[in-house]
Amino acid sequence: MKVYNTLTRTKEEFIPLSNEEVKIYVCGPTVYNFFHIGNARPFVVFDTLRRYMEYSGMKVNFVQNFTDVDDKIINRAKEEGISAAEVGDKYIKEYFDDVQALNVRRATVHPRVSENIPQIIQFVSDLIEKGFAYEVDGDVYFSTRKFQGYGKLSKQDVDELEAGARIMIEEKKQDPLDFALWKARKEPSEVAWESPWGMGRPGWHIECSAMSKRYLGETIDIHAGGVDLTFPHHENEIAQSEAHNGKPFAKYWMHNGYITIDNQKMSKSLGNFFTVRDIRKEYSGEVIRYFLLSGQYRSPINFSKELMEQAKNSLGRMENAKANLEHLIANEEGNLTDEEKIYVAGFDKHVEDFKKAMDDDLNTADGITAVFELINDINNATKNGCSKEFAEKALAQLLELANVLGLLEQSKDDSIDDEVQKLIDERQEARKNKDFARADEIRDILKAKGITLKDTPQGIQIIKE
RNA sequence: GGCGCCAUAGCCAAGCGGUAAGGCAGAAGUCUGCAAAACUUUUACGCCCCAGUUCAAAUCUGGGUGGCGCCUCCA
């Protein structure tokens, strides 16, 4: 498998550090609010990476943190009149609710900053001891210029950065490029922990370095996140971790592109964002997931109603294929015919195409194409009915690929109540008596309830929304 | 000022030197009591523009034009 590595700006063959497991760390959310569709992209993309690696036979140790100690959380807590811990707990719960709808599997570990304070304090102390950090009035800063190679990920030149002069000048810092590892408490009500430098809390960047080390070790295979984290967040993580451990931090750095609105970056500060929670009111999580996977992960994707409709209709084609096969399985019998055997043998090509696409830096757009080509074959094979065995094999093949993408996983509730059953029976009776007006009327009534009836040669197929 | 990305049909999107995948939307047809689903056919002599390299370029090089991003909390 090839992977685009931001560190080298090229696609590289992915070679795991160990044959036992692949170590992946993905920067997780700061839990002070519902996450938006832009935040959702890395969750879905790197979940797909993980699924594909597991499909390819690798064992993956996947760590994604929760940043539950942060200024925004503190502010939120003040606003809502609850503790910072309660804010964190609340939005972690909401995170899992949304992410479950998106078919994003739980990470191997979801560490929280608040549960890693001793490790962080140790990490910071070590950096001071090694001469990479210094304390001023209860704050601790990292000496950027002491770490050679600062800027290697984002390809920034230290002197150019300084010349940019867009960095907040803090009196306490020895150099404007230095960043906080530990922040002293400003007022007594703030969450804070005891430390060698007094009461305070960790800076943003140090958390990931400390948690990555604790849960995955000093050198990991892949560190991933959104492109906007490249600088300064990931650059700072490299500086901290490599200064501390004296060895490479991550072998591959993967960054997903933005979600845009009218071609502008979606962001909380611009206020042009849509939360997944809100989008879910109109589209299923799988539609959102399909939308996010419809382009290659490094390209920007524009978010719009029109594109969501396209995603919904496209996914609908996949769902129809699945539903039609399930209906055939329930109503047909028999084993593979000679003609069907040829079709089944042809499935392999689509699997190969799928793997080829996914091996090429997770080209999910092409992966989806392979699934549609499989569906075309299946539809052609079944247009005049098929054996039960064929339908079973076709469905298994379809789900094998779709599930790697995290699609077609949610089984719909197809139970119907007595009242609906009575209407369906009545419609059948009406059709038999050629009372098509009544039959169509009933179909419309059910349609209004979100139940679509299809009259197939294998009987009535009921589709619920 | 520094670093970087992108430009393919009405819309989305692959392709990365060998003669334009796939999906949505649209049109016609088959099937059906009618629908739905499915199937068949159909929609880019051309891939932002101009040069160049090559037997061959959407794909490489140079120069434009237009859009976006990072350098500041941000996925």
Side-chain angles (χ1 to χ4, degrees), chain A residues 6 9 11 26-30 35-46 70-72 151 154-157 159-168 177 204 224-233 235 255-260 263-270 273 290-291 294-296 298-302 304 306-321 323-324 327 353 357 360 363-373 375-376 378-385 430-431 434-437 439-440 443-444 447 452-457 460-461 463:
Chain A
T6 307
R9 306 282 165 107
K11 273 186 202 171
V26 180
C27 289
T30 299
F35 62 82
H36 63 63
I37 179 95
N39 300 314
R41 172 118 93 147
F43 305 153
V44 167
V45 163
F46 299 114
D70 178 89
D71 283 347
K72 296 190 197 89
S154 55
K155 306 287 184 267
Q156 296 289 331
D157 183 86
D159 295 316
E160 284 293 345
L161 277 171
E162 191 135 15
R166 300 185 68 177
I167 300 137
M168 290 270 262
L177 289 180
W204 177 36
V227 248
D228 46 353
L229 296 184
T230 309
F231 190 92
H233 186 55
E235 196 70 70
H255 293 101
N256 63 273
Y258 296 120
I259 301 297
T260 59
N263 284 323
Q264 298 277 124
K265 178 186 173 182
M266 178 185 294
S267 76
K268 287 181 180 163
S269 38
L270 288 174
F273 63 89
Y290 181 96
F291 167 76
S294 63
Q296 211 273 345
R298 284 185 288 124
S299 310
I301 300 185
N302 203 44
S304 73
E306 187 190 359
L307 295 180
M308 286 306 291
E309 284 298 316
Q310 288 190 14
K312 182 183 169 186
N313 291 340
S314 300
L315 214 219
R317 184 173 166 82
M318 282 190 190
E319 288 169 339
N320 280 335
N324 290 346
H327 189 242
D353 286 348
D360 182 18
N363 190 335
T364 52
D366 267 353
I368 286 172
T369 292
V371 175
F372 277 118
E373 291 189 333
I375 287 172
N376 278 336
I378 292 171
N379 284 339
N380 267 306
T382 58
K383 62 185 168 190
N384 298 315
R431 290 181 71 211
K434 303 226 186 297
D435 180 3
F436 296 120
D440 291 350
R443 192 166 58 196
D444 288 342
K447 182 86 187 167
T452 304
L453 297 185
K454 286 164 63 174
D455 302 317
T456 76
I460 305 170
Q461 188 177 339
I463 297 172

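Per chain, numbering begins at 1; letters A, B, ... match sequence-line order.
- The CZ atom of A/F291 sits 17 Å away from the P atom of B/C24 (whole-angstrom rounding).
- As rounded to whole Å, 7 Å separates atom C1' of B/C70 from atom CD of A/Q156.
- The residue A/T230 sits apart from the nucleic acid: no heavy atom pair falls under 4.0 Å.
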Checklist entry - What pattern of brackets, bars and dots sums up RNA chain B from 5' to 3', given Watson-Crick or G-U wobble pairs under 3.5 Å, [ ] for crossing pairs and | for another strand? => result ((((((((.[[[..)..(...]]].(((((.......))))).....[[[[[..)....]]]]])))))))....
Item to check | Stepwise side-chain contact (heavy atoms from CB on, under 4.5 Å) test for A/Y290 and A/S314 | outcome: CA-CA 9 Å; A/Y290 181 96; A/S314 300; 3.3 Å; yes
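- Atom C1' of nucleotide B/C6 and atom CD1 of A/I301 are separated by 14 Å, given to the nearest angstrom.
- When the P atom is used for both B/G17 and B/U61, the distance is 11 Å, rounded to whole Å.
- Among the heavy atoms of the strands lying under 4.0 Å from A/I259 is at least one base atom, whether or not backbone atoms are also near.
- Of the candidates B/G22, B/A14, B/U72, B/G22 carries the atom nearest the A/T369 side chain, counting heavy atoms from C-beta on.
- Distance check on atom C1': B/A36 versus B/A58 gives 40 Å, rounded to whole Å.
- Across all strands shown, A/G151 has no heavy atoms under 4.0 Å from either base or sugar-phosphate atoms.
- Annotation for A/K312: atom NZ does not count as buried by contact number, only 12 or fewer foreign heavy atoms lying within 6.0 Å.
- Rounded to a whole angstrom, the distance from the P atom of B/G46 to that of B/G10 is 13 Å.
- Using modelled atom types, one finds a donor on one side chain and an acceptor on the other under 3.5 Å when comparing A/T260 with A/N302.
- Spacing between B/G18 and B/A56 at atom C1', rounded to whole Å, works out to 6 Å.
- Within the nucleic acid shown, A/F35 has no heavy atom closer than 4.0 Å to any nucleic acid atom.
- Side-chain N/O atoms of A/N302 include none lying less than 4.0 angstrom from OP1 or OP2 on B/C12.
- Look at CG on A/N263: it is 9 Å from P on B/G69, rounded to the nearest Å.
- Between A/N313 and B/C24, a side-chain N or O to OP1/OP2 separation shorter than 4.0 Å is absent.
- A donor-acceptor contact under 3.5 Å is formed by the side chain of A/Q310 with the base of B/G23.
- At a threshold of 4.5 Å between non-hydrogen side-chain atoms, the residues A/N379 and A/R317 count as touching.
- B/A9 and B/A37 have their C1' atoms separated by 27 Å, with the value rounded to a whole Å.
- Residue-level contact check: A/Q264 touches the backbone only, with heavy atoms under 4.0 Å from sugar-phosphate atoms and none from bases.
- The residue A/D353 sits apart from the nucleic acid: no heavy atom pair falls under 4.0 Å.
- Taking atom P on both nucleotides, B/A28 is separated from B/A35 by 13 Å, rounded to a whole Å.
- Minimum interatomic distance between A/I301 and A/G295 (heavy atoms only, all atoms of both residues): CD1-N, 4.4 Å.
- Taking side-chain N and O atoms only, A/K265 has a distance below 4.0 Å to OP1 or OP2 of B/C70.
- For A/S294, the side-chain hydrogen bond (donor to acceptor under 3.5 Å, both in side chains) test picks out no residue, with sequence neighbours left out.
- By the salt bridge (charged side-chain N to carboxylate O under 4.0 Å, His left out) test, A/D366 pairs with no residue at all, sequence neighbours left out.
- Using atom C1' as the reference point in both B/A7 and B/G15, the two lie 15 Å apart (nearest Å).
- Of the residues near RNA chain B, A/T30 and A/T260, the one whose nearest nucleotide (by heavy atom distance) lies more toward the 5' end is A/T260.
- Using P as the reference atom, B/C6 and B/C60 are 10 Å apart when rounded to the nearest Å.
- Side-chain contact between A/I37 and A/F291 is present, with heavy atoms from C-beta onward closer than 4.5 Å.
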Next on the checklist: Output one letter per nucleotide in nucleotides 33-39 of chain B: B when a protein non-hydrogen atom lies under 4.0 Å from the base, S when only the sugar-phosphate is that close, - when neither is.
Outcome noted: BBBBSSS
Checklist entry - Can you check side chain to side chain donor-acceptor pair (under 3.5 Å) on A/Q461 and A/T456, steps first, answer last? => result CA-CA 7 Å; A/Q461 188 177 339; A/T456 76; 5.2 Å; no
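- Residue contacts for A/Q461: at a heavy-atom cut-off of 4.0 Å it reaches no nucleic acid atom on any strand shown.
- Between A/M308 atom CE and B/C12 atom P the separation is 15 Å, expressed in whole Å.
- Taking atom CG of A/L307 as the reference point, atom P of B/A13 lies 7 Å away to the nearest angstrom.
- Atom-to-atom, CE of A/M266 to P of B/C70 comes out at 14 Å; the value is rounded to the nearest Å.
- A/E373 places its CD atom 19 Å from the P atom of B/A13, with the value rounded to the nearest Å.
- Nearer to the 5' terminus of RNA chain B, by closest-nucleotide assignment, is the contact made by A/N363 (compared with the other of A/I368 and A/N363).
- With sequence neighbours excluded, no residue forms a salt bridge (charged side-chain N to carboxylate O under 4.0 Å, His left out) with A/K454.
- Contact annotation for A/H36: base contact, defined as any heavy-atom pair under 4.0 Å involving a base atom.
- Base contact: A/S269 has a heavy atom under 4.0 Å from a base atom.
- When heavy atoms are screened at a 4.0 angstrom cut-off, A/G295 is found touching the sugar-phosphate backbone but no base atom.
- Considering only residues two or more places apart in sequence or on other chains, A/K447 meets the salt bridge (charged side-chain N to carboxylate O under 4.0 Å, His left out) condition with none of them.
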Next on the checklist: Determine whether A/N324 and A/H327 satisfy the following criterion, side-chain contact (heavy atoms from CB on, under 4.5 Å), listing intermediate values before the conclusion.
Outcome noted: CA-CA 5 Å; A/N324 290 346; A/H327 189 242; 5.6 Å; no
